[in-house]
Enquirer: 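Quick one: this structure, given as structure tokens, is what I'll be asking you about.
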Amino acid sequence: MLVKAVIEEGIRSFVEQYRQRGTTETVWEMPVTAYASADDPLFETLKTAVSPTHGSPRELMRHSRTVISYFLPFNHKIARGNRDGNECSRGWALAYVETNALIVDLNNHIASILDSYCYESVLLPPTHNFDTTTLISDWSHKHVAFIAGLGKFGLHRMIITQQGCCGRLGSIITSAPLEPTKRPEGEFCLFFYDGSCLKCVEKCASGALTSERFDRRKCYDVLRANAVVHSGLGYADACGKCVSVVPCSFRNPVNRSTYVPFATGATNKPLI
Ligand code: SF4
Ligand code: SF4
């Protein structure tokens, strides 16, 4: 019988061996994995929250049962190296490119594990599956991660996991029935928790991110400029300034021991 531990050990050992091959510079921390039911009603809400063309697991695989969502955290040195200046650091840009390649290979590896238990998979690309006019994706790994309970949205529009937000997300749809992860309660972002922090806003030199809104076009212009700067590394349309060395970089910064949910019952809404 397929159990989650088989998948999680498969992900962990693959990432470790990938690093040991010596063909990459990036170092990754321990991956985090979560599971959503393919029938979770939140998937249908993405057609309104994200895009009418956002895919649902059932559309992509009629007999899908589960969506596996995972987060590959970058080694903390990579984020520290991206702390200063306005231009994305070489280390961050390379980690972005190398992790995208890792996700493609890792998805194939997860699919082979699932196949050995006679389950099918649909593999989703790590990125560049968005409309270049609207800049909206037909499969948002961030929203899928939220639905799977992998983390919560931060003000910077990234997913904050228990291992922070400096890394890359991947997801895979499968016919394997696996118990869904319970979505965590409360907020992981200090701004949503008590109105404090705003460090990500301070770090966004382009003005794409404010406490009120996120200008997707301005942000994308920065990503494309960095892709030109780092063109020798592959297509590094990355930035990462708003996540590099802020309170949520490496952990969920809301202190659970003193956590009191908003009296208003505010919930973490998918932000796009
Ligand atoms: S830096 Fe602060 S305000 Fe921004 S997402 Fe992280 S916790 Fe929230
Ligand atoms: S990725 Fe860069 S440009 Fe985009 S919101 Fe974050 S800091 Fe601003």
Side-chain angles (χ1 to χ4, degrees), residues 26-34 69-89 91-93 95-96 99 140-143 145-169 181 183-216 218-219 222-223 226 238-272:
T26 305
V27 177
W28 296 274
E29 302 290 326
M30 181 67 84
V32 197
T33 308
S69 172
Y70 59 83
F71 176 63
L72 305 178
F74 298 162
N75 179 269
H76 298 179
K77 279 186 188 164
I78 296 168
R80 292 197 184 100
N82 195 39
R83 177 171 49 193
D84 302 321
N86 293 339
E87 209 169 75
C88 178
S89 71
W92 187 277
Y96 172 85
T99 310
S140 164
H141 294 286
K142 289 191 280 190
H143 287 79
F146 171 82
I147 293 171
L150 192 66
K152 294 292 185 86
F153 278 91
L155 180 62
H156 49 25
R157 275 60 174 178
M158 306 302 283
I159 288 289
I160 304 171
T161 73
Q162 296 295 0
Q163 300 266 55
C165 55
C166 290
R168 303 283 301 151
L169 294 163
T181 304
R183 274 190 287 277
E185 293 182 2
E187 302 294 347
F188 288 11
C189 167
L190 290 166
F191 180 75
F192 294 148
Y193 174 59
D194 62 9
S196 69
C197 190
L198 291 170
K199 296 290 181 201
C200 49
V201 173
E202 283 171 29
K203 299 201 72 176
C204 181
S206 70
L209 183 66
T210 70
S211 59
E212 286 83 34
R213 65 189 294 265
F214 172 58
D215 187 325
R216 188 181 300 278
K218 265 189 190 170
C219 178
V222 173
L223 307 190
N226 284 325
C239 170
K241 293 296 175 187
C242 54
V243 298
S244 293
V245 195
V246 292
C248 58
S249 291
F250 311 128
R251 66 189 178 98
N252 164 11
V254 176
N255 183 343
R256 310 309 292 174
S257 63
T258 59
Y259 175 73
V260 180
F262 270 115
T264 55
T267 55
N268 193 273
K269 295 183 181 62
L271 294 165
I272 59 170

Enquirer: Atom CZ in R251, atom OG in S249: separation rounded to 0.5 Å?
Expert: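 Reported to 0.5 Å precision, the distance equals 10.0 Å.
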Enquirer: If you count every heavy atom of other residues, nucleotides or ligands that lies below 6.0 Å from K203 atom NZ, does the total exceed 12?
Expert: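 More than 12 heavy atoms, drawn from other residues, nucleotides or ligands, come within 6.0 Å of this atom.
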Enquirer: What pair of heavy atoms forms the shortest contact from L223 to C239, and how long is it?
Expert: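 Answer, listing the atom of L223 first, then C239: CD2-CB, 3.5 Å.
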Enquirer: Residues two or more places apart in sequence or in another chain: which of them pass side chain to side chain contact (heavy atoms under 4.5 Å, CB included) with A93?
Expert: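 A93 satisfies side chain to side chain contact (heavy atoms under 4.5 Å, CB included) with C88, H230, L233, A236 only.
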Enquirer: Taking T161 as the fixed residue, which of F250, F71, F188 is the one that meets the side chain to side chain contact (heavy atoms under 4.5 Å, CB included) rule?
Expert: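 Of all the options given, the one that passes is F71.
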Enquirer: Rounded to the nearest 0.5 Å, what separates atom NZ in K152 from atom CD1 in I160?
Expert: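 So the NZ of K152 and the CD1 of I160 are separated by 10.5 Å.
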Enquirer: Rounded to the nearest 0.5 Å, what's the gap from CZ on R213 to NZ on K218? Could you check?
Expert: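 Reported to 0.5 Å precision, the distance equals 7.5 Å.
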Enquirer: Can you list every pair that meets side chain to side chain donor-acceptor pair (under 3.5 Å) and has a residue in residues 69-79, with sequence neighbours left out?
Expert: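 Counting only pairs at least two positions apart or across chains, the side chain to side chain donor-acceptor pair (under 3.5 Å) contacts touching residues 69-79 are E29-N75, Y70-N107.
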Enquirer: Please report the shortest heavy-atom distance between I78 and T26, naming the atom on each side.
Expert: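 Looks like CD1-CG2, 3.7 Å.
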Enquirer: Please round to the nearest 0.5 Å and tell me the distance separating atom SG of C248 and atom NE2 of H156.
Expert: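 Rounded to the nearest 0.5 Å, the SG-NE2 separation comes out at 3.5 Å.
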Enquirer: Would you say the side chain of L190 lies within less than 4.5 Å of the side chain of V254, judging by non-hydrogen atoms?
Expert: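 Yes; the side chains approach each other to less than 4.5 Å.
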Enquirer: Distance check, rounded to the nearest 0.5 Å: L169 atom CG versus F146 atom CZ?
Expert: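 Between atom CG of L169 and atom CZ of F146 there are 13.5 Å.
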Enquirer: Answer yes or no: is there a side-chain heavy-atom contact under 4.5 Å between L209 and R157?
Expert: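 A side-chain contact exists here, since the closest heavy-atom pair is under 4.5 Å.
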Enquirer: Supply the atom-to-atom distance F191 CZ to L155 CG, rounded to the nearest 0.5 angstrom.
Expert: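 So the gap between those two atoms works out to 5.5 Å.
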Enquirer: Only counting residues at least two apart or in another chain, list the ones meeting side chain to side chain contact (heavy atoms under 4.5 Å, CB included) with S89.
Expert: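 Scan of S89 (side chain to side chain contact (heavy atoms under 4.5 Å, CB included), adjacent residues dropped) gives N82, W92.
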Enquirer: Among C242, P247, C204, which residue meets the side chain to side chain contact (heavy atoms under 4.5 Å, CB included) test with K199?
Expert: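 Of the listed residues C242, P247, C204, the side chain to side chain contact (heavy atoms under 4.5 Å, CB included) partner of K199 is P247.
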